[in-house]
Amino acid sequence: MNRETLRELIQQPLAQDMMESMGFGGKTADDFTPEEVAHLEPVWKIVDATKTPIHVPIHGEYERKWWKEAVAYQIYPMSFCDSNGDGIGDLNGILSKLDYLKDLGVDILWLSPIYDSPNDDNGYDIRDYQAIHKDYGTMEDFDRLLEETHKRGMKLIMDMVLNHTSDEHRWFQSSVHDPDSPYKDYYIWRKGKDDQTPPNNWRSFFSESAWKYYPERGEWALHLFSQKQMDLNWENPDLRRDVYKMLNWWLQKGVDGFRLDVINLISKTPGLPDGDPLFGNLTGMENYVYGPRLHEYLKEMNREAFGRYDSYTVGEGCGLGARTTDCISMASAKELNTVFCFTHMEMPGHNKYDPYDYDLNYLKAHLLKIQQNEDADCWPTLVFENHDNPRFINKVSQDQGEIDRFARQLAVLTMTLRGTVFLYEGQELGLRDVTFHSAEEFRDVEAKNYYRELIQNGKTEEEAFAIVAPGTRDQSRTPMQWTAGANAGFTTGTPWLRLADDFDVHNAQDEAKDPDSILNFYKKATALRHQYKTFVYGTFEAVDPERKDYFGYRRSDKDGTFFVEMNLSKKAIARPHPVEGELLLATYGDTADELRPFEANVYKL
């Protein structure tokens, strides 16, 4: 490859994100040795296949939109509130807590999947897109919840899974059993290399081959997730038309938008070639994480569904970096409004199963990169916790007092930066990870598969459990802690997943009564963000950005200037800049001569 071609490719957002993740961040084309260029040949091939016009940032004021100013709250329905004593959260349970959410300052409810499903992956395996799972209630219950949410001035967005369906979906069943079915090509079917060998070497996200053989067709079907989550064939225009019809059905019902699960995976590399070992253990991911027709499909989806309404969309950018998520969410591209970028959730070289101390200076560097990119064509999200990861506050410390202090600091970070805010249920209470006692307590299909794989590879049961327990998705899915009473007030029955042991200390009822609680601090922080739009649209100016363990910045617009100071460490540090202004919010309730551990303060100058 000549240097000129390399220079062109290295300007591509995907190339920059991939280089950064592989330890080559910041290199120019001239910095690469011939050996490195040859070693990275699979990267150049993928980047070349997905090239897009280079985006020129738009400098100017941000267009004001309701979803930019909103505080969104993710509800994991199975774990939120059970109204009928069966141990599983439901729609009427959510309905009973709407006033709690309104009082917190929530503007958007995001419901994780509530559709009819076998629940192999807790609802992300949809059997019927237009039916409510019986555990959650009925469509009438949903209609009532939607109406009551709107009455309170809040919006509601649905979690939508469009990369795959359950293998029990009528489309898939027809595709398997009826050779003349109109749905026969709605999924990705291929002949194997032979009777026993899948079409390629791709691995699923759940620690197994990404293919399952069906003797009825004599073919293999692709599943990037569990064996009951079959990938849809987005190359088929009939499939796409049926998907858009379904999306419009929900939008006409009155929902305000969608969170789109692993939406960047819907386009696969033509021919489905073998994955290259260069890209790590998730073999094959380079062939679908940012496929060549992704932008085409998203533009069409927007044109045929989202763009017809005053709706809001947020995509899950699974495996994408900050630059590629920007490409999918540029307003001028008319694809999605925003995309989650998760590169800050773990430090480089680590995954969620690793025991390590997260360095907040890494988070600071990530946030500086995003906040200093003042491009009016792009809008970021502010998300630190969700249903797929252990609690973020536990990554920073295991000491209970330090966790309490950092939980408040995280509220300040979340509410004073540019981006649409997302909270995850229990984050406002400072809920933390759970101590599991055995693998029998796991309900997460990802954790179960990983546990089995570790044992197959030679680990003892005790060793495998010790590896999986800290990182299982069950950590953030334990039932919501409403009271110090039986089952934390979540249910009168037996909870579907074990409760955390600390609900007598961390629960909504008791925290609501304590003026110094984490819950009441979050209420103050959300109220401050709603009061001053400067925190949403104002300019961002970093103060002393090179200083380790210190994060300071100004947010300014015509309504004023605000200053935020933080100590990112577990030890007190000297305050590098004296502050004269009105103290609006303080994690310790006051200020001192120095910045105390995980202290954060907000001033109006």
Side-chain angles (χ1 to χ4, degrees), residues 12-25 40 42-47 49-52 121 124 159 161-164 188 200-208 210 222-226 229 231-232 234 259-269 272-295 297-298 314-329 335-336 338-354 366 369-370 380-381 383-384 386-389 446 449-450 471 473:
Q12 286 290 314
L14 180 60
Q16 293 177 21
D17 281 342
M18 293 178 83
M19 291 299 95
E20 195 166 283
S21 69
M22 299 171 80
F24 295 101
L40 295 170
V43 173
W44 315 132
K45 191 180 298 184
I46 295 297
V47 171
T50 59
K51 281 191 300 189
T52 57
D121 188 22
Y124 286 88
D159 210 327
V161 188
L162 300 178
N163 177 70
H164 49 264
I188 298 175
N200 63 33
N201 65 350
W202 294 7
R203 297 283 290 171
S204 84
F205 282 84
F206 291 168
S207 305
E208 57 191 347
L222 180 68
H223 61 92
L224 293 181
F225 293 88
S226 88
Q229 293 170 283
D231 278 52
L232 289 164
W234 275 76
R259 178 264 189 184
L260 297 156
D261 186 64
V262 296
I263 192 63
N264 60 301
L265 307 186
I266 60 177
S267 171
K268 277 74 171 176
T269 300
L272 309 183
D274 275 346
D276 193 289
L278 176 68
F279 297 100
N281 294 331
L282 194 57
T283 309
M285 70 173 297
E286 72 273 20
N287 292 303
Y288 55 76
V289 77
Y290 192 68
R293 297 186 69 184
L294 176 62
H295 290 288
Y297 296 152
L298 293 179
V314 55
E316 180 189 21
C318 177
L320 295 183
R323 298 171 187 87
T324 36
T325 54
D326 277 353
C327 291
I328 297 172
S329 59
E335 296 181 17
L336 303 179
T338 55
V339 178
F340 291 135
C341 175
F342 296 132
T343 55
H344 62 291
M345 299 290 262
E346 303 290 348
M347 294 183 64
H350 293 285
N351 63 47
K352 64 185 179 181
Y353 295 102
D354 292 340
H366 168 83
K369 192 185 310 178
I370 290 174
T381 58
V383 58
F384 298 97
N386 63 25
H387 65 292
D388 280 335
N389 291 278
E446 177 187 88
N449 284 3
Y450 187 31
R473 297 183 299 177

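Values in this document were obtained by computation on a predicted structure and should not be read as measured data.
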K.L.:
State, yes or no, whether a side-chain contact exists between Leu265 and Phe205 at a heavy-atom distance under 4.5 Å.
P.N.:
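Heavy-atom side-chain distance check passes, below 4.5 Å.
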
K.L.:
Rounded at 0.5 Å granularity, tell me how far NZ in Lys268 sits from CD1 in Ile188.
P.N.:
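Rounded to the nearest 0.5 Å, the NZ-CD1 separation comes out at 4.5 Å.
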
K.L.:
Quick one: pull up CG in Leu224 and CG in Asn287 and give me the separation to the nearest 0.5 Å.
P.N.:
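Reported to 0.5 Å precision, the distance equals 10.5 Å.
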
K.L.:
Is there a side-chain contact between Phe225 and His164 (heavy atoms, below 4.5 Å)?
P.N.:
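With C-beta onward as the side chain, the pair touches.
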
K.L.:
Under 4.5 Å between any side-chain heavy atoms of His295 and Cys327, yes or no?
P.N.:
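They are in side-chain contact.
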
K.L.:
Provide the closest heavy-atom pair for Met285 versus Phe279 in the form atom of the first, atom of the second, distance.
P.N.:
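Nearest pair, atom of Met285 first, then Phe279: SD-O, 4.4 Å.
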
K.L.:
Heavy-atom distance under 4.5 Å between the side chains of Tyr290 and Met18, does that happen here?
P.N.:
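Heavy-atom side-chain distance check fails, nothing below 4.5 Å.
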
K.L.:
Under the side chain to side chain contact (heavy atoms under 4.5 Å, CB included) criterion, do Leu222 and Trp202 qualify, and how do the steps go?
P.N.:
CA-CA 9 Å; Leu222 180 68; Trp202 294 7; 3.8 Å; yes

K.L.:
I'd like to check Asp388 versus Phe342 (side-chain heavy atoms, cut-off strictly below 4.5 Å). Are they in contact?
P.N.:
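No, their side chains stay 4.5 Å or more apart.
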
K.L.:
Would Asp121 and Ser226 count as having a side-chain donor-acceptor pair, cut-off 3.5 Å?
P.N.:
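On atom types as modelled, these side chains do not qualify, holding no pair under 3.5 Å.
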
K.L.:
Measuring from Lys45:NZ to Thr50:OG1, what's the distance to the nearest 0.5 Å?
P.N.:
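The OG1 atom of Thr50 is 13.5 Å from NZ of Lys45, to the nearest 0.5 Å.
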
K.L.:
What distance separates Lys352 NZ from Met345 CE, expressed to the nearest 0.5 Å?
P.N.:
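Answer rounded to 0.5 Å: 9.5 Å.
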
K.L.:
Return the CG to CZ distance between Asp159 and Arg259, rounded to the nearest 0.5 Å.
P.N.:
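So the gap between those two atoms works out to 4.5 Å.
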
K.L.:
Which of these, Val289, Leu294, Asn163, sits in a side chain to side chain contact (heavy atoms under 4.5 Å, CB included) with Ser267?
P.N.:
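Single side chain to side chain contact (heavy atoms under 4.5 Å, CB included) partner of Ser267 among Val289, Leu294, Asn163: Leu294.
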
